[in-house]
Each structure stands twice: as structure tokens, then as C-alpha cells.
Amino acid sequence: MINIKNTAYFFITTVLIVVILILGRGLLIPFVFAILIWFIVRQIRTFIDRVPFIKKSFPLWFKNLLVFIFILTILNFLLNILFANINLLANSYQEYEANAYMIIDKINEAFDINLIENIKVYFKDFNFSTVFFSIVNFSTNMLSGVFMVILYALFIFLEETSFILKLNKVFAGNNQFNTVYNTIENIEKSVAKYLGLKTFTSVLTGVLSYIILLIIGVDYAVFWAFIIFILNYIPSIGSIVATLFPVIFSLLQFGEVMPALMVLLFVGMVQVIVGNILEPKLMGNTMNLSPLVTILALSFWGAVWGITGMFLSVPIMVIMVIIFSKFPHTKSVAIMLSEKGLIE
């Protein structure tokens, strides 16, 4: 009877959590991003505090502000470049639409089919401009919540000092404060290290892909390199999708197969070398997640929060493993989620 009750409570709680995640996604997603920014800023602040003059001469709020402004400056620079390329791309889609229908005619002649009609069987009211603008809208929608993220992050920084004091008072008189504080620090270091290494490998992949696209002569190489950089944050499938976008576009731009094959070959080689050889060596056991758990988490968070959930799936699972490992009742869950069953 007790087991039945516990099982029922577990399923009810799980369903409620999923419902809250879905209904509250508009508030929760920017908040999670803001938490990640807070982690990154704290790590950068810790790094610059290694300089004794900075640590002694500048107050905490000033260092937070300085690092935050630095991040916003980089973000603003990237957004300006991105939106400029999006506008150019959106205004020139008709030029590539002609090549698209020319390629479709070649496919129809080679295989004796009607490709558009076959596509319409599965996708009603299909037209090239819809597909083209969906790629543009994908990039724009990713940036729509930036303002909310910045707003949340600012209030988190304002709350930072008082939060530690509150935490100390809540756990006053026992040893739990050190445990809770160490857990927060462990989460911060693990997530910040993962994001730092992932950013490095994504930047490297984006830069190398930009050089390749530039040499081949693909239009808007900066835009496609940025898409590759962003999508590389999605585990496993991100690199595949990131490679396909410039491949399809080069096919539309040139109207020939050879440039698209060159993009597929060389950009794909970069993805394999950086993603499958360099990144695992740099990451080591930073994530401490089972590969199966990574894929399942990608699917779950993708279903709950869409493509944004895919970006956040690994950091969220890293946090869950660390938190679960601190409680006796959930420690077994943390062991199952971890890569080799080793948890702190």
C-alpha cells in the first residue's frame, strides 16, 4: 500500500512539474538563461580577482557591472552583424528561389517525379519562400527573449549579496549552510566550465566554417558561421543541422551540386574533428552525464521547451545530477544519470 502511494505521488508530482514547465516557459526560460549568465559572470569575476589590485580596489557591484557590460557589448556587436545579414538575406530570397526551382526541375527530370507535389502531400501550401523565411525566423526568434534575460540577470546580481546572508540565517545553528553553499559553488563551476569549453569549441567551429564558406564563395558566410556557432550548443543533432543549413543554401545559391558537396565535406570535417575528437578531450568528465541520458534529456527538454530546451538540456541535467547527489533519497538517481556512476 505504501509503495502504491509513493508511486502515485511520484507520477502526480512529475505531471505537475511538466505542466508547470510548459505553462511557465515564458518566465522560466529567460530566468534559466539569466542564472547561466550569473554563473559565467561570477567565474569571470573570480578570474580577474586574481589580480590583487582589482580585488582590493574595486567593490563587488562594480566588478559585476564591468563584466556584465563586457558581455552585453560582445552580444550587441554580434546581434548587429547578425541582423544586418538577416535583412540582406531576407531581401534577396527571390534570387535564390529561381535556382531552387531549377534544381527541382533537374530532380524531376532525373527521377521522373514531381517533387513539389510529393512534398505537398506531407506539407500543405508548400512554397519555397515559406521554407526560406522559416530559416530567417528561426534566427530572429532565438533573440526575442534577450531583454527579459538581461532584466532577470540584473535583479539576480542585485540579490546576490543578500542571498548569501539569507541562506546563512536559514541554516544558522547547523552545518547545512556549508553543504548548501558548496553545492551552489559546485553547480556554478561545473556549468561555467561546460559553457566555457562549449563556447570555445563552438567559436572554433564557427571560425573555421566561416573560412571554408568564404573560400568556396558562399554568400552571407558570417550569418551561416553564426548559425553553426549557435547550433553547436545543442548536443549531437546540433552539429548535423548546423552543417545542413549552409549546404542547402549553397545548393540554392550556385544551382549546382559540387559547391554544396564541398561545403558538406569540409564543414563536416571540421564538425567531426572539433566535436568528436577535440571537444571530448577538453571536456573530460565535466558533464558527468551518460550519453543515453544526454539524448533522452535533449528529447525531453526539446518537447517541453522547444529548441531553447535543447540548448539548456545539458546544463539543466548537470545541475540535477549535482543536486540529486546531495540527498540520500535521490543519490541513486544521480548515479544512474552520471556517466560512470561516480558522483561527489
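Source: prediction; values computed, not measured.
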Do the side chains of Leu213 and Val222 get nearer than 4.5 Å, heavy atoms only?
-> no
Do the side chains of Ile156 and Ile37 get nearer than 4.5 Å, heavy atoms only?
-> no
Would you indicate whether the side-chain heavy atoms of Val274 and Phe200 approach each other to under 4.5 Å?
-> no
Applying the 4.5 Å side-chain criterion to the ILVMFWY set and letting contacts propagate, would Leu296 and Ile316 be lumped into a single cluster?
-> no
Indicate yes or no: at least one non-hydrogen side-chain atom of Trp305 is less than 4.5 angstrom from one of Leu21.
-> yes
Close side-chain approach of Glu279 and Leu197, heavy atoms under 4.5 Å | no
Derivation and outcome, salt bridge (Lys or Arg N to Asp or Glu O under 4.0 Å), residues Lys166 and Glu159 = CA-CA 10 Å; Lys166 292 175 184 177; Glu159 183 72 16; 2.6 Å; yes
So which heavy atom on Ile307 is nearest to which on Leu231, and how close?
-> CD1-CD2, 4.5 Å
Spell out, yes or no, whether Ile20 and Val32 are grouped together once hydrophobic residues are joined by side-chain heavy atoms under 4.5 Å, including indirect joins.
-> no
Test item: Trp301 and Val314 side chains (from C-beta on) under 4.5 Å apart, heavy atoms | no
Inspect the surroundings of CZ in Phe300 and state if more than 12 heavy atoms from other residues, nucleotides or ligands are less than 6.0 Å away.
-> yes
Where the side chain of Asn232 meets the backbone of Ile228, is there a donor-acceptor pair that is under 3.5 Å apart?
-> yes
Side-chain heavy atoms of Met310 within contact of Ile237, under 4.5 Å | yes
Would you check if Ser209 and Trp224 make a side-chain contact, meaning some heavy-atom pair closer than 4.5 Å?
-> no
Can you give the donor-acceptor pairs under 3.5 Å from side chains of residues 238-245 to other protein atoms, not counting sequence neighbours?
residue: Ser239; atom: OG; partner: Ser236; partner atom: O; Å: 3.2
residue: Thr243; atom: OG1; partner: Ser239; partner atom: O; Å: 2.8

